[in-house]
Number of protein chains: 2
Amino acid sequence: MKRIAESTVRRLSLYLSFLEGIERQGLKTVSSDELARLGGTTSAQVRKDLSLFGSFGKRGLGYFVPELSEKLREILGLGKQWRVCIIGAGKIGAALARYRGFAERGFNVTAVYDSDEAKIGKRWETLTVRPISELEKDAAKQGFDIAVVATPAENTPAVVKQVVRAGIKAILNFAPVQLSVPSDVTVRNVNMAMELEGLSFALSNRSE
Amino acid sequence: MKRIAESTVRRLSLYLSFLEGIERQGLKTVSSDELARLGGTTSAQVRKDLSLFGSFGKRGLGYFVPELSEKLREILGLGKQWRVCIIGAGKIGAALARYRGFAERGFNVTAVYDSDEAKIGKRWETLTVRPISELEKDAAKQGFDIAVVATPAENTPAVVKQVVRAGIKAILNFAPVQLSVPSDVTVRNVNMAMELEGLSFALSNRSE
DNA sequence: TGGCGCTTGTGAATTAGTTCACAAACTAAT
DNA sequence: ATTAGTTTGTGAACTAATTCACAAGCGCCA
Ligand SMILES: NC(=O)c1ccc[n+]([C@@H]2O[C@H](COP(=O)([O-])OP(=O)(O)OC[C@H]3O[C@@H](n4cnc5c(N)ncnc54)[C@H](O)[C@@H]3O)[C@@H](O)[C@H]2O)c1
Ligand SMILES: NC(=O)c1ccc[n+]([C@@H]2O[C@H](COP(=O)([O-])OP(=O)(O)OC[C@H]3O[C@@H](n4cnc5c(N)ncnc54)[C@H](O)[C@@H]3O)[C@@H](O)[C@H]2O)c1
């Protein structure tokens with residue numbers, strides 16, 4: 001299959017969230033034009049994105065909402081349940097671990113790790129904070145699909161080494177550092193400082 | 001000035017963070033090649049990005065680290081202090097309000113708002129949670145440059161209307177909804193579910 | 001001063017991503 | 001059955017972003 005751009009995958013995610021809203025409204029079909037309007041793009045873009053994976057629409061009608069939702073979930077790999085561990089039981093880690101929205105989409109937080117003796121052993125709803133030193137052993141036993149890394153920037157490269165050694169192939173990183181990982185490991189960064197700087201840039205350069 | 005792509009601005013942010021690390025190491029100059037290596041891009045990309053704003057380097061030598069840092073801070077609008085308010089005193093709002101990293105870069109959280117009576121009036125370190133109904137009045141008095149929106153998805157469109165009415169021109173949105181705002185308001189979205197779906201896609205489509 | 005080694009800045013070339021535009025396929029109405 | 005009205009799927013055209021490639025500038029040293 002040909003390479004799919006990250007921007008395409010982001011839009012597919014977006015379309016799926018729109019479809020879920022449309023389904024709740026009880027509509028049976030939707031046109032590429034309507035999805036484009038919701039997503040701030042063009043109908044040609046929507047059709048191109050979908051056509052990378054097949055022909056899901058009916059000419060003259062549009063797309064059947066439940067059918068297209070299902071296809072998108074399949075494409076995005078959301079059919080299955082993913083096992084997620086959170087590394088770093090701090091402020092961000094706590095917010096993420098307690099967030100209901102992830103499990104709804106099949107991302108199940110099944111463990112939380114920290115290096116701080118004061119935090120290890122603490123109960124977080126159904127989870128207990130575990131020592132990071134056990135990560136590799138636990139991963140071998142129960143297997144994690146995704147690691148969410150929410151540790152201080154300076155410790156994060158070392159943490160990520162452990163994550164990689166534990167055989168985890170996908171990382172969502174919240175620390176403001178650039179990670180270097182083997183090519184079979186996928187990283188996505190959430191860098192809020194960078195987003196704020198983008199806003200700062202926009203505010204500083206308006207109307208020029 | 002010509003339009004600058006968002007991807008360029010993201011890279012400028014990244015370069016700046018590298019420069020700060022390099023400065024701490026005590027190095028005086030850096031080449032585009034070194035910055036490219038750190039950022040996982042090419043030296044031509046680095047030079048193109050910078051050349052959009054001027055000629056900051058010295059041939060044969062590279063860039064003077066403190067000088068380039070300063071230039072980047074200027075370009076990104078980081079010379080000044082920005083006033084930031086957080087809307088939604090929930091899990092994410094709490095993590096953000098207590099995060100030290102923002103003030104270090106000139107983003108000062110000066111107020112937190114919520115609609116929940118139980119939360120209004122609570123003290124958060126130096127801040128007191130204020131009723132969202134006061135947002136417009138407060139904004140007129142003290143002025144906010146940036147609003148961080150961390151409210152439940154269903155309430156977020158209404159919240160954003162209030163933010164826009166309060167005259168705030170930049171929004172960092174954590175709710176998984178697409179916002180519609182006037183064209184003079186800049187929005188950046190942080191959508192963690194979408195990032196996880198990107199990882200899910202990568203895990204599901206490896207080696208094809 | 002001249003030559004060498006290095007690195008920038010930037011047009012040109014290339015590659016990637018988006019939009020156009022239209023034939024083909026479908027529905028509904030008569 | 002025919003026609004009018006939609007909307008898809010997709011090459012072709014276009015636009016944006018990245019990479020190439022090299023002249024020109026600079027430091028250093030003999
Ligand atoms: N809090 C925010 O709003 C916010 C915003 C943007 C970015 N971030 C980034 O997210 C990361 C976490 O931020 P935070 O505010 O939650 O910090 P925090 O200090 O509240 O939490 C960090 C946690 O990581 C743990 N830790 C440290 N080293 C570890 C190791 N080697 N192995 C396992 N655990 C370890 C600490 O014990 C602590 O519990 C940081 O990199 C920060 O820059 C946070
Ligand atoms: N917690 C997470 O890790 C996480 C992760 C990804 C996305 N999000 C998103 O971030 C947003 C906030 O999530 P959270 O977990 O912090 O939720 P939360 O329920 O902990 O907090 C939301 C807060 O917003 C307040 N609120 C509701 N309506 C409001 C209004 N009209 N005006 C002002 N305040 C209002 C609530 O009183 C509450 O305090 C949600 O949209 C959620 O989907 C959260």
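Lettering of chains follows the sequences in order, A, B, ..., and the numbering in each one begins at 1. Scope of the values below: all heavy atoms of this structure, side chains included, with no hydrogens, waters or symmetry mates.
Residues from residues 26-45 of chain B that place a heavy atom under 4.0 Å from any atom of DNA chain D, listed by number: Thr42(B), Ala44(B), Gln45(B).
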Task: Criterion side-chain contact (heavy atoms from CB on, under 4.5 Å) on Val112(B) and Cys85(B), from CA distance to verdict - done: CA-CA 6 Å; Val112(B) 181; Cys85(B) 64; over 6 Å; no
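Separating the CZ atom of Phe56(B) from the C1' atom of dG25(D) is a distance of 18 Å, rounded to the nearest angstrom. Across the protein-nucleic acid pair, Leu52(B) atom CG and dT8(C) atom C1' stand 15 Å apart, rounded to whole Å. For the pair Arg47(B) CZ and dG25(D) C1', the interatomic distance rounds to 13 Å; values are reported in whole Å. Atom CG of Leu50(A) and atom C1' of dG9(D) are 11 Å apart (whole Å). In this structure, the CG atom of Asp49(A) is 12 Å from the P atom of dG9(D), given to the nearest Å. Regarding Lys71(B), its NZ atom lies at a distance of 17 Å from the P atom of dT8(C), rounded to whole Å. Going from atom CZ of Phe53(A) over to atom C1' of dG9(D) covers 15 Å, rounded to whole Å. Here the P atom of nucleotide dG9(D) and the CG atom of Leu68(A) are 10 Å apart, to the nearest Å.
A donor-acceptor pair is defined here as one N or O able to donate and one able to accept, closer than 3.5 Å; such a pair exists between the side chain of Asn173(B) and the backbone of Ala175(B). Listed for the Asp114(A) side chain is a donor-acceptor partner under 3.5 Å among the backbone atoms of Ala89(A).
Asn191(B) and Glu195(B) share no donor-acceptor pair across their side chains, judged by distance under 3.5 Å alone. Under the 3.5 Å distance criterion, with hydrogens and angles disregarded, a donor-acceptor pair is assigned to the side chains of Arg47(B) and Ser32(B).
In this structure dT30(C) sits in a base pair with dA1(D), meeting the Watson-Crick or G-U test at under 3.5 Å.
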For nucleotides 26-30 of chain C, tabulate all protein N/O to nucleotide N/O atom pairs closer than 3.5 Å, reporting atom names and distance.
residue, atom, partner, partner atom, Å
dC26(C), O4', Arg59(A), O, 3.4

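If you take OG on Ser17(A) and CD1 on Ile22(A), they are separated by 9.0 Å, rounding to the nearest 0.5 Å. Expressed to the nearest 0.5 Å, how far CZ of Arg11(B) lies from CE of Met194(A) amounts to 11.0 Å.
At dT6(D), none of the side-chain N or O atoms of Tyr63(A) fall inside 4.0 Å of OP1 or OP2 (strictly under the cut-off).
Take the nearest nucleotide of DNA chain C for Ala5(A) and for Lys48(B): the residue whose nucleotide is more 5' is Lys48(B).
Considering only heavy atoms from C-beta on, Ile4(B) comes within 4.5 Å of Leu52(B) through its side chain. Side-chain contact check for Leu16(A) versus Arg73(A): some heavy-atom pair is nearer than 4.5 Å.
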